[in-house]
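Below, chains carry the letters A, B, ... as their sequence lines are ordered, and counting in each starts from 1. All values below were derived from every heavy atom in this structure, side-chain atoms included, with hydrogens, water molecules and symmetry-related copies excluded.
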Amino acid sequence: MSDVRIAGVGMTHFGAHPERTGRDLFAEAGAAALEDAGVDRDDVEALYYGNFMSELAEHQGHQGPMMAEAVGLQVPATRFESACASSGAALRQAVLDVRSGESDVLLVGGAERMNNLGTAGATEALAIAADDLYEIRSGVTFPGAYALMARAYFDQYGGGKEDLAHVAVKNHDNALPNDHAQFQKAIDVEDALGAPIVADPLGLYDACPFTDGASALVITSEEYAAENDVDADVAITGSGQGGDRLALQNREYLARTPATERAAEEAYADAGIDVGDVELAEVHDCFTIAEVMAIEGLGLYETGEGISAARDGGTTRDGDVPVNLSGGLKAKGHPVGATGASQVSEMTRLLRGDHPRSDAVPDATTGVTHNAGGTVASAVVHVLEVKA
Amino acid sequence: MSEETARDGGFDDWLDAIEEGEGYYFECADGHGGLPPCRVCPACGSTDLEQTDLPASGAVDTFTVVNVAAPQFADDTPYVTAVADFGKVRLTGVLRGMDHDDVEVGTTVGVGVEETETTGERVLAFRPR
């Protein structure tokens, strides 16, 4: 089985770019990743591409070949759709492809255009990650679904809105020097608690924004990197994916995410690490409560104890395990289909030492990325390690 | 519902039954609950499923007051969406007929079918009982 290396990463600015087409966004990210990798583009064997809502946002299906064309590749290209975990799922399949020996060089990534739909349209489009018959028709929105989980969490384990505000404050602060981030703006707890309520108990600052953007990675086999003098010290050593019932009502737990737990167990075992080896994490904080459930699902905190992690400083830049040094989805932004690959892009740079927040983790060698779909009916976890 | 719109088999029949006060779910021999359309027990894969009467009332497990809605619910805001426990199954519906500040985890509700204010579409609705 071949080890998988990350040879190059690329991202667009994440933000409100309603006029930019998906193909333009992905072309920028893909070209940046290929340039960063320095591999011969003729060696790229396939594109694994993640996207969620292009049928609704751009009246465009069949995006795989369109995106390959956009980056100037004539290769087999397939789109993966797992809601907000789309490019995490695409990356996992690409990792398995390289490990099998079938491919040596792959382009992986994702893109999403959302702001052209407006707030109401984007809210409607995002909601289709939920169960249409049993959730959407009962008025469940994406923030509403996480609000249901937040209320259940508070009821079962305690904690409250002020704890969640600390998650938002932390992630906004982390994003300050990140020029890819949608928000480079500090907020305080009072700002978060005073923001309009979207779906009680979640307010505007508990929610990630609507984001247009793209991300891309070039991954190679260890052998290809060695033979071609490709600078690729960061390896993907573990990959895991977990699933759950689609609708929240049909789950065993309303305030836990077993899909994350299963994905993490698989990824850690795959990498031969345990949770104590994890030095930093990029987790799927589409809402502040999602970060809480993610760090519990990853095993960084016991169930019911993650709620105070940001407030107590455990997940801040100088904490035991800094979480979302990039700013997370909350402040970096959440172009749905691009998010999973963007987390890996940011983690790669954090570990390589060329991210604006690398100075928070100067000696780190092991990081984890966590990408979730819907209300975590899908979860993908990857372990990244620095290898000589 | 317009005549041009195809019904969602199983689901719309279930809504009809709830509207008549004759709601049901499906239960396998191991006691797992499922909602229509339900050919296979989602928990264990059994195809030996028995149509069982839905209890007359359930208890709210969690809820939210939605202020920002999708277009289909734009004129319904603010509204309460709740997940209520009916024993072997939970249901998600709009909770009406009580002050939003009075809703709590544990509130006892019955289930029926009403119309949304925005579009007049049928919606699963809880009311306190």
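Within the 4.5 Å cutoff, side-chain heavy atoms of B/R90 are placed close to those of A/L254.
With chain B as the partner, the residue from A/R151, A/Q156, A/E135 showing the most heavy-atom pairs under 4.5 Å is A/R151. Comparing B/V83, B/T116, B/V105 by heavy-atom pairs within less than 4.5 Å of chain A, the highest count is held by B/V105. With chain A as the partner, the residue from B/D85, B/L91, B/L124 showing the most heavy-atom pairs under 4.5 Å is B/L91. With respect to chain B, the highest number of heavy-atom pairs below 4.5 Å among A/V198, A/D131, A/T123, A/D155 belongs to A/V198.
Close approach to chain A, defined as a heavy atom under 4.5 Å from one of its heavy atoms, is seen in B/D61, B/T62, B/F63, B/T64, B/V65, B/V66, B/N67, B/V68, B/A69, B/A70, B/P71, B/Q72, B/F73 of residues 60-78 of chain B, taken by number.
For CD of A/E19, the number of neighbouring non-hydrogen atoms (other residues, nucleotides, ligands) closer than 6.0 Å is greater than 12. Within 6.0 Å of atom CG in B/D99, more than 12 heavy atoms from other residues, nucleotides or ligands are found, so the atom counts as buried in its surroundings.
Here the shortest heavy-atom pairing between B/P37 and A/L133 reads CD-CD1, 4.4 Å.
At a 4.5 Å heavy-atom cutoff, the contact between B/L35 and chain A is made by backbone and side-chain atoms alike. For A/L248, the part lying under 4.5 angstrom from a heavy atom of chain B is the backbone only. Neither the backbone nor the side chain of A/A127 comes within less than 4.5 Å of any heavy atom in chain B. Contact of A/I136 with chain B is made through the backbone alone, with heavy-atom distances under 4.5 Å.
A donor-acceptor pair is defined here as one N or O able to donate and one able to accept, closer than 3.5 Å; no such pair exists between the side chain of B/R122 and the backbone of A/R137.
The closest side-chain donor-acceptor pair between B/T92 and A/Q249 falls under 3.5 angstrom.
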